[in-house]
Every structure is written in C-alpha cells, then in structure tokens.
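We name chains A, B, ... by the order of the sequence lines, and we start the count at 1 in each one.
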There are 2 protein chains.
Amino acid sequence: MSLKDVGKDSKQIVERSTRQQSSILEALYGIDEFKSAQEIHALLAKKKLKVGLATVYRTLQKMAEKEDIDAIKSTEGETLYRHCGQNDGHHHHLICNKCGLTITVEGPAIENWTEKVAKENGFSEVSHKVDIFGVCKGCRRK
Amino acid sequence: MSLKDVGKDSKQIVERSTRQQSSILEALYGIDEFKSAQEIHALLAKKKLKVGLATVYRTLQKMAEKEDIDAIKSTEGETLYRHCGQNDGHHHHLICNKCGLTITVEGPAIENWTEKVAKENGFSEVSHKVDIFGVCKGCRRK
DNA sequence: ATACTATTGGGAATGATTATCAATAAGAAA
DNA sequence: TTTCTTATTGATAATCATTCCCAATAGTAT
C-alpha cells in the first residue's frame, strides 16, 4: 500500500474555502431579513459577483445544516435563509408578513411545553417548529 | 333591467355539491394521518373513484380555507391534509416522522405566549405555527 | 325542460429545487 | 513552484408539486 493509497483510505474531512462561499455568507450578513436562494443570487449578481444559482442553493443548504444560518419555509413554500445572530441556542422568529422584518425571540416556556407534551404521548427524538407571523408596527401605519 | 340582469347583479353565493367533493371528504375521514393531495388522489383511484388531480388540489385547498380540515407543510415542502376532529378551536399537532401518526394537542400556554411576544414587539394580525415532530412509541420499538 | 354558470378534468405551464457532469481551482505533496 | 488529487463550481437538463387554461360537464333555480 503506497502513501497515495493511504491518503485515499483515510476519510478526508477537507473543506475548501472559495470566493463563492464567502460572497454568499457576506451577502447574508448584509441583511436582516429572510431571503430565498433566488433572491440571494440576484443580490450577488447586482454586485457583479458571479456565482452560479446551483452553488447558491448548495451553499445555503450546507450552511443551514451546520447551523451557521437559519432556515425557514415561507407560507408559499419557499425556503428562506437568514444569518443567525446568536449561534448559541435554539430560538424562534417573529416575522412581518409585509416587509420581512424578523425579530429573534427565545421561549423557554415553549421548549418546556413541547418536551412535556411529547413525553406524555410517548414520543422521542422530538423537534419543533414555532414561528409567529404578523404585521409589524411600521407596516401597520401605512 | 330584466329579471335576468337582476340575477346577475345580486352576488350569488352558490355552492354546488358534487360527487367529487364528497368522495374527497369521505376519503379523508377514512384515515387519521396527514396525506398529500397526490396521495388522496391515488387513494381515490384505487377505489375506482375517478377524480381529477386538479380537482383534488382545488377541493382540499378550499376545505382547508374554510377550516373544515387541517393543513400543514411537511419538512419536504409538501402540503398535507387531515380531517379535523374538533372544529371548535385552534390546536396543534404531534406528528410521528416514521408512521405519520398524528395526535392533536391544545396549548393555551402557547397561545398566551405568542400573543405576549407579538404585543411586546408591536406586531398585530398575528398567527402562528406550532408543530412537534418526533418518533412515536410504536415506531421506537422497531 | 331550459338556462345559467359553478365545477370538473386533462394536459400544458410554472417555479422552486435537484441532478448531471465536464471544467475549474483549493490544498497537499514533492 | 509545480504537480496531483479531488472538492467545488456552473450551465443546463431533469424533477416534482402545484397552478393555469379552457372546453366539456353537471348542479340548481325558474
């Protein structure tokens, strides 16, 4: 077995950093709203940053998996992404239906409640989704 | 202005009942899990009940609007429907990721919490989505 | 029965997302 | 630095749920 082969066998956890990835991450940090992959793609194009649409999808997805960013589904079914201020813990969102303004909220009460309900019904490996939609103060005035 | 014209002007709130609609509703009452429009359509076909796919989509959608049935989005983005045992009030679901078993739960605590959070942040016209996913007792044993 | 029009259905159209796969370019080794 | 391996990219085709279109069908009132 040659050195080359050893290299092949040992599972490489390589992760290369590319300009595309930083462009996408940077774009996300420039806004405080949930945006779709398509919107991010358009935004990059406007800045003359050429990044393939497929790459945007792939990258956002991967970042969401690693929990570097948040992902939710809009009521229309699109997946939306947003940079996550607090990497620490689990949290939820208060989202404006008009302008997209998003406020991050925590809810220990919710966590406890879901845990309790799940346990009472014999469920394990539970996860939950709690998002509040509405109209923010600014938009109401209009 | 003729009698005909009067008929045209007065907004008719006509709602015709069709065999397709009853077939769909009946199918829903035969199961206790969330099913997609496609699944319902296949299920009807198996029973030799010919109903167009578009009609299934339209009907389920309409019934969900009237809150005759419940609708949620699966993690894959599909819209799923289920007949709603208790028409009375707002409620949530505890859903098994393996078998689809669904348990309806109420959560006054949640309602209060979302109301409070929304108000604190100046949001109005709020709605919320709370669903708990996990693995039920039966599936865990396998 | 007749007229009016809500509802249906099949297939085309849409739109977001994923798959394909050759070309490109990180990062390691020499 | 140069070579080599292969992760990553990107243009485009393919998927797949859902909606649109519109002529044909069938409730319902008169």
Side-chain angles (χ1 to χ4, degrees), chain A residues 1-25 27 34-45 48-66 68-69 71-81, chain B residues 1-25 27 34-45 48-66 68-69 71-81:
Chain A
M1 187 189 245
S2 74
L3 272 175
K4 261 186 201 169
D5 293 330
V6 172
K8 270 181 190 165
D9 280 359
S10 64
K11 179 167 56 182
Q12 283 197 305
I13 324 208
V14 186
E15 192 169 297
R16 300 176 182 174
S17 56
T18 66
R19 90 177 156 73
Q20 287 88 337
Q21 285 169 10
S22 2
S23 293
I24 293 169
L25 199 54
F34 276 98
K35 295 284 187 189
S36 70
Q38 310 254 10
E39 288 174 317
I40 301 287
H41 180 249
L43 214 143
L44 291 171
K48 310 293 180 198
L49 296 170
K50 290 188 209 310
V51 181
L53 180 58
T55 301
V56 175
Y57 271 102
R58 268 187 305 237
T59 305
L60 288 173
Q61 206 170 271
K62 207 175 295 174
M63 295 200 294
E65 268 170 26
K66 290 200 302 174
D68 289 337
I69 61 176
I72 61 165
K73 294 234 179 224
S74 76
T75 33
E76 293 81 48
E78 268 183 313
T79 304
L80 306 179
Y81 301 92
Chain B
M1 190 188 242
S2 74
L3 272 175
K4 261 185 203 166
D5 294 329
V6 172
K8 271 181 190 163
D9 281 357
S10 64
K11 180 167 56 183
Q12 281 197 305
I13 324 209
V14 186
E15 193 170 295
R16 299 176 182 175
S17 57
T18 67
R19 89 177 156 75
Q20 287 89 338
Q21 285 169 11
S22 4
S23 293
I24 293 169
L25 198 55
F34 277 98
K35 295 283 186 188
S36 69
Q38 309 255 9
E39 289 174 317
I40 302 286
H41 180 248
L43 214 142
L44 290 172
K48 310 293 180 199
L49 296 170
K50 291 188 209 311
V51 181
L53 181 57
T55 302
V56 175
Y57 272 102
R58 268 186 305 237
T59 305
L60 287 173
Q61 207 169 272
K62 206 175 297 176
M63 294 200 295
E65 268 168 27
K66 291 199 302 173
D68 288 338
I69 62 176
I72 61 165
K73 294 232 178 224
S74 76
T75 32
E76 292 82 46
E78 268 182 313
T79 304
L80 305 178
Y81 301 91

Next on the checklist: For a side-chain contact (heavy atoms from CB on, under 4.5 Å) check, start with the C-alpha distance between A:Phe34 and A:Ile72, then their side-chain angles and the critical distance, and finish with the verdict.
Outcome noted: CA-CA 8 Å; A:Phe34 276 98; A:Ile72 61 165; 3.7 Å; yes
Checklist entry - With respect to the side chain of A:Ala54, which nucleotide from D:dA11, D:dT9, C:dT8 is positioned closest? => result D:dA11
Checklist entry - What does B:Thr55 touch in the nucleic acid at a heavy-atom separation under 4.0 angstrom: a base, only the sugar-phosphate, or nothing? => result base
Checklist outcome for this item: Atom NE2 of A:His41 and atom P of D:dT9 are separated, to the nearest Å, by 13 Å
Checklist entry - Would you call A:Glu15 and A:Lys66 a salt bridge, taking side-chain N to carboxylate O under 4.0 Å as the test? => result yes
Checklist entry - Taking the side chain of B:Thr18 as its heavy atoms from C-beta onward, which of C:dT7, D:dA17, C:dA16 lies nearest to it? => result C:dT7
Checklist entry - Taking CD from B:Glu78 and P from D:dT18, how many angstroms apart are they, rounded to a whole number? => result 6 Å
Next on the checklist: Rounded to whole Å, please give me the gap between NZ in A:Lys50 and C1' in C:dT24.
Outcome noted: 17 Å
Next on the checklist: Under 4.0 Å, heavy atoms only, any strand: does B:Gln61 hit a base, just the sugar-phosphate, or nothing?
Outcome noted: sugar-phosphate
Checklist entry - If you measure only the distance, is there a donor-acceptor pair under 3.5 Å linking the side chains of B:Arg58 and B:Thr55? => result yes
Item to check | Options C:dG27, D:dT19, C:dT7, nucleotide nearest the side-chain atoms of A:Ser17 | outcome: C:dG27
Next on the checklist: Nearest heavy atom decides the nucleotide; on that basis, is B:Ser36 or A:Gln20 closer to the 5' end of DNA chain D?
Outcome noted: A:Gln20
Item to check | CG on B:Leu25 to CG on B:Asp68, rounded to 0.5 Å | outcome: 7.5 Å
Checklist entry - Once you round it to whole Å, what is the distance between C1' of C:dT24 and CD of A:Gln21? => result 14 Å
Checklist entry - Base, sugar-phosphate, or nothing for A:Glu76, non-hydrogen atoms under 4.0 angstrom? => result nothing
Checklist outcome for this item: In short, A:Leu44 meets A:Ser23 closest at the heavy-atom pair CD2-O, 3.7 Å
Checklist entry - If you check every side-chain atom of A:Arg16, which of D:dA17, D:dT6, C:dT17 has the closest atom? => result D:dT6
Item to check | Nearest-angstrom distance from the residue atom CD of A:Glu39 to P of C:dG15 | outcome: 15 Å
Next on the checklist: Check the phosphate of D:dT18 against B:Tyr57, side-chain N and O only, distance under 4.0 Å to OP1 or OP2. Yes or no?
Outcome noted: yes
Item to check | Atom pair distance, as rounded to whole Å: CG in B:Leu49 and C1' in C:dT8 | outcome: 15 Å
Item to check | Selection from C:dA26, D:dT18, C:dG9 that lies nearest to any side-chain heavy atom of B:Arg58 | outcome: C:dG9
Next on the checklist: Within this structure, what is the CD1-CG distance for the pair A:Ile24 and A:Leu60, rounded to the nearest 0.5 Å?
Outcome noted: 5.5 Å
Checklist entry - If you check every side-chain atom of B:Gln38, which of D:dT18, C:dT20, D:dT28 has the closest atom? => result D:dT18
Checklist entry - Between C:dT8 atom C1' and B:Arg19 atom CZ, what is the distance in whole Å? => result 9 Å
Checklist entry - Of the candidate nucleotides C:dT17, D:dA26, D:dG10, which contains the atom at the shortest distance from the side chain of A:Val51? => result D:dG10
Next on the checklist: Rounding to an integer number of Å, can you tell me how far A:Leu53 CG sits from D:dT12 C1'?
Outcome noted: 11 Å
Checklist entry - Which part of the nucleic acid, if any, lies within reach of B:Thr79 when heavy atoms closer than 4.0 Å are counted: base, sugar-phosphate only, or nothing? => result sugar-phosphate
